[in-house]
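Because the structure is predicted, anything quoted here is derived from the model rather than measured. All chains are named by letter (A, B, ...) in the order of the sequence lines, taking the proteins before the strands, and each is independently numbered beginning at 1.
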Amino acid sequence: MARTSPEEWERRLTEIAPELLAEIGAKKEPDKGLPGLEGSEGGVVMRFAPNPNGPPTIGSARGIIINSEYVKRYGGRFLLRFDDTDPVNKRPMLEAYGWYLEDSEWLGAVPDKVVIASDRLPEYYEIAIELIRRGGAYVCRCDQAAFKAKKDAAKPCPHRGQSPEENLALWRDMMNGGLGPGEAVLRIKTDIVHKDPALRDWAAFRIVTADHPRVGEKYRVWPLLDFESGVEDHLLGVTHIIRGKDLMDSERRQRYLYDHMGWVYPTTIHWGRIKIHQFGSFSTSALRRALEAGEYSGWDDPRMPTVRALRRRGIRAEALRKFMIELGVGETDISISMDSIFAENRKIVDPEARRRFFVKDPIPMEIEGEMPEIAKAPFHPTLDLGSREIPAGRKLLVSCDDLLNLKVGGSLRLKDLCNIEISSLDPLRARVIGTDPHQAREKKLRIIHWAPTDGVPVRVMRPDGVDSGIGELGVRDDLDQVVQFERYGFVRIDSVAEDEVVAYFAHR
RNA sequence: GCUCCGGUAGUGUAGUCCGGCCAAUCAUUCCGGCCUUUCGAGCCGAAGACCCGGGUUCAAAUCCCGGCCGGAGCACCA
């Protein structure tokens, strides 16, 4: 296949239309980070709208970070809105409201405004009434199955033709108790013969007599998501909505509501489902059940895919931000690995994390020969972070893992201390053959870390279990710091007691 | 069954709207090598992808059609 080269075309272009040449020269610029927002001229208002039925997860973090990042970029406003309108199936947790605030702030996304749907029922009622007056909504008294049958057949139900007056009267019955749960819903009139059955006359309000954790039994008519969310987005002046692809129909449904009211629909962006290798698929409700069944120590258990669990493990907000922004907002369902987040975190944490010795599954070792009584070890291999002194002694502890390929006569270096030769394996004995690190280097000795016998017991809480061992005493100075246990990994010192230190494992 | 959306290396991602700069970007992962008193960091190098088939065109990752695969909606959940 003979292709005409670009050069050839350029030459011919020069002959026939030289004024277009500039266009060829213009390079396309590669987009960095998030794509721009369309329709940002009139300002940008965005929201993250969770149901507070558990703490923010990594998925929530994506929503919080991307929305707030756009707002930062365009100088707009970031709203946090709690869509807590189902006291039964997705019952809100009172503590969770605060958790969202806390985690948003930690993620560097302090909301400009916080809205709680369960505070705003009166506003929703007013709009419902206006909608009925305009003939855009009707009270449907079909039971669920009957309506579905009608809808699937693209046939209107008998209540669709009621007059606004009739509907208003029935609405009052819903409000004042004349109608009970399951006896009526308010439906938005869309297009009953629409080719997509998902869009036909959807329910906007239903009757719920259960108490709500925040407002108790104050209301008995509650909005459904499409109404609440759609109305709030308008009321709050939201300009851009980012939501899951699973909610694509919401826009198409809500547009009917907007048309009835004469409102302008915000710009929408969709993203696909996010799955994380290390955690699999999870839902907040499923996690909550597992937690209540005692499978986890709490919402910040190191196995949890929550923001608070990552924080406890020493993952920095900045690492999460960079990662999420890099992910972007594609519509493809994605399956990510924590490795990328860890890599991002390592870059941030490595330069500031003090190095410490932690010996997992310690084995005592007796040493003979001339050696320093105190090891002087730098806090960082290349940066000047100072150093610490670790008292050594005739007896030291080394990790069981490091003994695996050891044999009598073999030699290695105890880091920052001395070079030894193994003289016996059981009991473990060695003799000093020198102290010079260069000697170790020349002989290509393996270098292992160690701990003094009077070090502090350390427990490391990991996603895959608990490691126990002994750490140098200095780890007690690093409460709440991310440190690197040499040859083990980065951990956050979570608690320090006289007789035990607990650390949470971040990553290698 | 009806409807909607997506498919670029192992994993993500840029490019797709407005076809030529794309023998395709960046990150991570993996594999080599260097460096290092850590199995960390750093440095160097390498490997690795346009779902398939047609069509339009001088030219297709990009436009059109069909197929395949994946996800989602059709709740008085969010």
Side-chain angles (χ1 to χ4, degrees), chain A residues 1-6 8-10 24-28 30-33 35 49-51 53 83-86 88-90 140 143-144 147-148 151-152 154 181-187 194-200 202-208 222 224-226 228-229 244-250 252-253 270 272-273 277 283-285 322-323 326-328 330-337 339-344 346-347 349-351 353 355 357 377-378 380-383 401 413-417 419 436-438 440-441 445-449 484-490 507-508:
Chain A
M1 190 190 297
R3 293 179 50 148
T4 310
S5 74
E8 170 69 2
W9 279 104
E10 189 171 345
I24 292 186
K27 284 267 179 198
K28 287 178 190 169
D31 278 342
K32 281 237 159 71
N51 177 335
N53 62 343
D83 288 348
D84 60 343
T85 53
D86 186 345
V88 180
N89 302 302
K90 296 217 168 155
C140 170
D143 70 55
Q144 215 168 325
F147 183 82
K148 180 175 167 49
K151 182 205 68 182
D152 286 346
E183 291 181 350
V185 296
L186 184 74
R187 286 190 188 284
H194 196 287
K195 65 174 182 168
D196 186 347
L199 307 191
R200 299 172 191 159
W202 48 275
F205 284 89
R206 82 309 205 183
I207 300 167
V208 181
W222 284 88
L224 277 322
L225 176 75
D226 279 316
E228 180 271 328
S229 177
K245 235 184 4 173
D246 53 324
L247 259 31
M248 265 184 167
D249 286 341
S250 278
R252 295 190 263 257
R253 275 193 283 258
H270 299 102
R273 275 239 176 282
H277 296 326
S283 70
T284 306
S285 341
K322 285 184 89 166
F323 174 77
E326 163 81 10
L327 262 195
E331 285 192 19
T332 332
D333 294 329
I334 55 174
S335 182
I336 58 165
S337 167
D339 288 350
S340 303
I341 293 177
F342 294 154
E344 213 62 74
R346 200 177 285 120
K347 283 178 200 159
V349 133
D350 182 84
R355 269 53 180 174
F357 285 165
H380 195 280
T382 50
L383 272 35
D401 294 346
R413 174 166 176 81
L414 297 173
K415 190 164 185 288
D416 301 311
L417 188 63
N419 309 326
D436 185 5
H438 299 100
R441 195 166 159 54
L445 295 190
R446 212 147 67 83
I447 297 161
I448 67 169
H449 63 287
Q484 189 205 50
F485 284 163
E486 295 202 45
R487 301 177 62 236
Y488 179 85
F490 292 91
H507 46 75
R508 289 210 62 97

Under-4.0 Å salt bridge between A:D86 and A:R206: yes
Would you mind reading off the distance between [X] atom [atom1] and [N] atom [atom2], rounded to a whole angstrom?
X	N	atom1	atom2	answer
A:I336	B:G10	CD1	C1'	15 Å
A:F342	B:C30	CZ	P	13 Å
A:K151	B:A75	NZ	C1'	8 Å
A:L199	B:U3	CG	P	12 Å
A:H194	B:C4	NE2	C1'	10 Å
A:H277	B:G10	NE2	P	12 Å
A:W202	B:C77	CH2	P	13 Å
A:F323	B:U29	CZ	P	12 Å

Give [X] one of three labels, base, sugar-phosphate or nothing, depending on what nucleic acid heavy atoms sit under 4.0 Å from its own.
X	result
A:D416	base
A:L225	base
A:E331	sugar-phosphate
A:G272	nothing
A:T85	sugar-phosphate
A:R187	sugar-phosphate

OG1-CZ distance between A:T85 and A:F205, expressed to the nearest 0.5 angstrom: 9.5 Å
Interatomic distance, A:I207 atom CD1 to A:L186 atom CG [nearest 0.5 angstrom]: 10.5 Å
Whole-angstrom distance between [N] and [M], as gauged at atom [atom1]:
N	M	atom1	value
B:G48	B:G40	C1'	26 Å
B:G12	B:U8	P	8 Å
B:C22	B:U13	C1'	16 Å
B:U56	B:G20	C1'	16 Å
B:A61	B:C5	P	24 Å
B:G66	B:U28	C1'	37 Å
B:A23	B:A59	C1'	15 Å
B:G6	B:C51	P	14 Å

Please write out the pairs of protein N or O atoms and N or O atoms of nucleotides 40-50 of chain B separated by less than 3.5 Å, giving the distance to one decimal.
unit_1, atom_1, unit_2, atom_2, d
B:G40, O4', A:Q484, NE2, 3.3
B:G40, O2', A:D350, OD1, 3.3
B:A41, OP1, A:R346, NH1, 3.4
B:A41, O4', A:D350, OD1, 3.4

Residues which pass ring-ring contact (aromatic ring centres under 6.0 Å, His included) with A:H507, listed by chain and number, not counting sequence neighbours: A:F342, A:F490
Set of ring-ring contact (aromatic ring centres under 6.0 Å, His included) partners for A:Y488, sequence neighbours left out: A:F358, A:F505
To the side chain of [X], which of [options] is closest?
X	options	result
A:K195	B:G7, B:C77, B:U3	B:U3
A:N89	B:U29, B:C77, B:U37	B:C77
A:A203	B:C76, B:C74, B:U37	B:C76
A:M248	B:A75, B:U37, B:C5	B:C5

Earlier contact from the 5' end, RNA chain B, for A:F485 and A:D152: A:F485
Nearest-nucleotide comparison on RNA chain B, the residue closer to the 5′ end among A:D339 and A:Y488: A:D339
Listing time: all N or O pairs from protein to nucleotides 32-34 of chain B that are below 3.5 Å?
none

List in chain and number order the residues that pass side chain to side chain contact (heavy atoms under 4.5 Å, CB included) with [X], two or more places apart in sequence or in another chain; answer none if no residue qualifies.
X	result
A:D226	A:W202, A:S250, A:R253, A:Q254
A:D143	A:A145, A:A146
A:D416	A:F357, A:A377, A:P378
A:R252	A:L199, A:M248, A:D249

Over all atoms of both residues, closest heavy-atom pair of A:L383 and A:P351: CD2-O, 3.3 Å
Donor-acceptor contact below 3.5 Å, side chain A:R355 vs main chain A:E486: no
NZ/A:K322: more than 12 non-hydrogen atoms of other groups inside 6.0 Å: no
By salt bridge (charged side-chain N to carboxylate O under 4.0 Å, His left out) - contacts of A:K90 (at least two apart): none
Contacts of A:D152 that satisfy salt bridge (charged side-chain N to carboxylate O under 4.0 Å, His left out) - sequence neighbours left out: A:K148
Candidate pair A:F323 and A:I336, rule side-chain contact (heavy atoms from CB on, under 4.5 Å), full reasoning: CA-CA 11 Å; A:F323 174 77; A:I336 58 165; 3.5 Å; yes
Side-chain N or O of A:R441 closer than 4.0 Å to phosphate OP1/OP2 of B:U36: yes
Working for side-chain contact (heavy atoms from CB on, under 4.5 Å), residues A:Q484 and A:H380: CA-CA 9 Å; A:Q484 189 205 50; A:H380 195 280; over 6 Å; no
Per-nucleotide protein contact string for nucleotides 68-73 of chain B (B base, S sugar-phosphate only, - none; heavy atom under 4.0 Å): --BSSB
Verdict with supporting geometry, A:K245 and A:D333, side-chain contact (heavy atoms from CB on, under 4.5 Å): CA-CA 9 Å; A:K245 235 184 4 173; A:D333 294 329; 3.9 Å; yes
Base-paired stems in RNA chain B, each at least three Watson-Crick or G-U pairs under 3.5 Å: B:1-7 with B:68-74, B:10-12 with B:26-28, B:31-34 with B:42-45, B:51-55 with B:63-67
